[in-house]
Every structure is written in C-alpha cells, then in structure tokens.
**Q** 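There's a structure below that I have some questions on.
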Amino acid sequence: QVQLVESGGGLVQAGGSLRLSCAASGRTFGNYPMGWFRQAPGKEREFVAAINWSATSTVYADSVKGRFTISRDNSKKMVYLQMNSLKPEDTALYFCASTQIHLTIKPGAYEYWGQGTQVTVSS
C-alpha cells in the first residue's frame with residue numbers, strides 16, 4: 001500500500017533542463033533506497049540513478065553521469081531527479097521506485113513503482 005507518483009516531465013529542447021519529482025505516500029512507507037529508471041518504446045527498462053535513505057550514497061548510469069543529480073527530502077517523502085544538458089537519447093518514460101534492500105541498480109529488487117512521467121527531448 002505504497003504509492004509513488006512522478007511529475008515534472010514534459011517536452012524540452014536539446015540542452016535544456018527538467019526536474020522530476022516523485023511523491024511517496026502510504027501507511028507503511030519507510031525511508032527506503034529510491035531509484036529512477038526509464039524506458040523508451042521498443043527498449044528494455046534501464047537504470048538511471050539511485051540514492052540511499054540517508055542520501056549519503058548515490059549511483060548513476062554512465063549515460064547520465066555528470067548531467068543528472070538525484071536527491072531526496074525525507075521530511076517531505078520526496079525524491080528528485082535534476083536533469084541538465086538533456087539529449088534526444090534521454091527521451092523516455094521515467095519511473096521512480098523503492099526497494100527494501102540495499103542500494104542497487106537492479107530493477108528486480110525494486111518493489112514499488114510509480115506510473116511514470118514522460119520526458120521528450122527534441123533536436
């Protein structure tokens with residue numbers, strides 16, 4: 001009974017920026033590690049970034065390292081993905097997710113998923 005809702009997606013031109021937000025709710029939701037994933041049509045879901053509960057550890061996919069920043073505000077039950085220098089290759093449906101195990105890039109370890117927010121980057 002944990003709900004995750006993403007927002008902040010949209011259409012931007014190459015080189016632009018977006019900040020995605022993920023709001024968590026639910027009676028039993030704790031300060032779990034959180035991750036961002038993305039999926040483009042015809043492609044497998046891929047890892048983007050993850051952060052542990054205390055925000056002392058982060059991990060990024062090589063394709064977004066240096067351009068994207070993951071952060072969280074546990075008092076607000078929010079996780080964010082700041083995306084800068086966007087490229088057309090970043091176009092995808094972006095999902096946030098939570099895991100009850102240690103920080104990981106494996107999608108199978110994530111138990112709860114949002115419904116996604118669309119990011120489209122034009123040339």
Side-chain angles (χ1 to χ4, degrees):
Q1 200 167 355
V2 174
Q3 294 85 44
L4 302 173
V5 180
E6 304 93 337
S7 62
L11 174 65
V12 298
Q13 56 189 350
S17 298
L18 283 174
R19 190 179 81 156
L20 305 184
S21 299
C22 176
S25 62
R27 293 181 293 105
T28 62
F29 188 83
N31 295 324
Y32 300 134
M34 299 288 294
W36 285 96
F37 295 79
R38 66 188 183 186
Q39 187 168 20
K43 298 184 62 179
E44 294 185 8
R45 185 169 299 182
E46 65 175 347
F47 169 78
V48 177
I51 186 169
N52 72 342
W53 75 270
S54 60
T56 56
S57 296
T58 58
V59 60
Y60 297 92
D62 289 340
S63 59
V64 307
K65 194 172 300 180
R67 299 188 298 122
F68 291 9
T69 302
I70 187 171
S71 61
R72 68 190 299 164
D73 185 339
N74 291 337
S75 67
K76 299 179 179 179
K77 295 297 183 183
M78 298 284 290
V79 62
Y80 307 97
L81 185 69
Q82 178 66 46
M83 306 184 296
N84 299 325
S85 302
L86 284 162
K87 303 183 294 184
E89 304 91 270
D90 297 316
T91 296
L93 188 66
Y94 283 71
F95 301 89
C96 67
S98 69
T99 177
Q100 297 186 30
I101 65 173
H102 61 275
L103 192 66
T104 178
I105 69 171
K106 304 298 184 183
Y110 287 79
E111 184 175 7
Y112 299 103
W113 294 79
Q115 63 182 2
T117 184
Q118 179 67 39
V119 172
T120 302
V121 184
S122 62
S123 301

**Q** Check for a donor-acceptor pair, side chain of N74 on one end and backbone N or O of W53 on the other, with a separation under 3.5 Å.
**A**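 At least one qualifying donor-acceptor pair exists.
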**Q** Let me confirm one number: the CD-OG distance from Q13 to S123, rounded to the nearest 0.5 Å.
**A**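 With rounding to 0.5 Å, CD (Q13) is 10.5 Å from OG (S123).
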**Q** Does P33 offer a backbone N or O that forms a donor-acceptor pair with the side chain of T99 under 3.5 Å?
**A**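 Side chain of T99 to backbone of P33: no pair is present.
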**Q** Going by side-chain heavy atoms closer than 4.5 Å, which hydrophobic residues are tied to V59, directly or by a chain of links?
**A**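 V59 shares its hydrophobic cluster with F37, F47, L93, F95, L103, I105, Y110, W113.
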**Q** Say whether S25 and Q3, considering side chains only, have a donor N or O and an acceptor N or O under 3.5 Å apart.
**A**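 Side-chain D/A pair, S25 to Q3: present.
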**Q** Could you tell me whether D62 and K65 have a side-chain N and a carboxylate O separated by less than 4.0 Å?
**A**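 Counted as a salt bridge, because a side-chain N and a carboxylate O are separated by less than 4.0 Å.
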**Q** Hey, is the main chain of A24 close enough, under 3.5 Å, to the side chain of Y112 for a donor-acceptor pair?
**A**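 Not confirmed, Y112 side chain does not pair with A24 backbone.
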**Q** Are I70 and Y60 packed together at the side-chain level, in the sense that at least one heavy-atom pair is separated by less than 4.5 angstrom?
**A**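 Side chain of I70 against side chain of Y60, heavy atoms only: contact under 4.5 Å found.
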**Q** Test of understanding: with salt bridge (charged side-chain N to carboxylate O under 4.0 Å, His left out), list the residues that count as partners of E111, not counting sequence neighbours.
**A**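 Not a single residue meets the salt bridge (charged side-chain N to carboxylate O under 4.0 Å, His left out) criterion with E111.
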**Q** Working to the nearest 0.5 Å, report the span between CG of L11 and CD of Q118.
**A**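 So the CG of L11 and the CD of Q118 are separated by 9.5 Å.
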**Q** If you look at every heavy atom in D73 and S75, which pair is closest and at what distance?
**A**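 In this case the closest contact between D73 and S75 is OD1-OG, 2.6 Å.
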**Q** Which heavy atom in L18 sits nearest to a heavy atom in L86, and how many Å separate them?
**A**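 Scanning both residues, the minimum pair turns out to be N-CD1, 3.9 Å.
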**Q** Hey, what do you get for OH (Y94) to OG1 (T117), rounding to the nearest 0.5 Å?
**A**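 Going from OH on Y94 over to OG1 on T117, the span is 10.5 Å.
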**Q** Could you give me the CA-CA distance, side-chain angles and deciding distance for V64 and R38, then say whether side chain to side chain contact (heavy atoms under 4.5 Å, CB included) is met?
**A** CA-CA 12 Å; V64 307; R38 66 188 183 186; 4.0 Å; yes
**Q** With a 3.5 Å distance limit and no angle check, can you tell me whether N52 reaches the backbone of A55 through a side-chain donor-acceptor pair?
**A**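 Checking the backbone N and O of A55 against the side chain of N52, a donor-acceptor pair under 3.5 Å is found.
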**Q** Looking at every heavy atom in both E6 and C96, which two are closest together, and how far apart are they?
**A**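 Looks like OE2-N, 2.9 Å.
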**Q** Check the hydrophobic clustering (I, L, V, M, F, W, Y; side-chain heavy atoms under 4.5 Å; chains of links allowed) and say if Y32 and M78 are grouped together.
**A**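 No, no single cluster joins them.
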**Q** Supply the atom-to-atom distance S57 OG to I51 CD1, rounded to the nearest 0.5 angstrom.
**A**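 If I round to the nearest 0.5 Å, the distance is 9.0 Å.
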**Q** Would the number of heavy atoms belonging to other residues, nucleotides or ligands and lying under 6.0 Å from CD of Q115 be above 12?
**A**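 Result for CD/Q115: open.
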**Q** Does the cation-pi check pass for R72 over Y80, that is, NZ or CZ under 6.0 Å from the six-membered ring centre and within 45° of its axis?
**A**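 Ring-cation test returns no.
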**Q** How far apart are the closest heavy atoms of G9 and L20, and which atoms are they?
**A**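 In terms of heavy atoms, the two residues are closest at N-CD2, 3.6 Å.
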**Q** Would you say L81 and T69 make side-chain contact, with heavy atoms under 4.5 Å?
**A**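 No, too far: nothing below the 4.5 Å cut-off.
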**Q** Rounded to the nearest 0.5 Å, how far does CZ of R67 lie from OG of S17?
**A**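 Atom-to-atom, S17:OG and R67:CZ are 10.0 Å apart.
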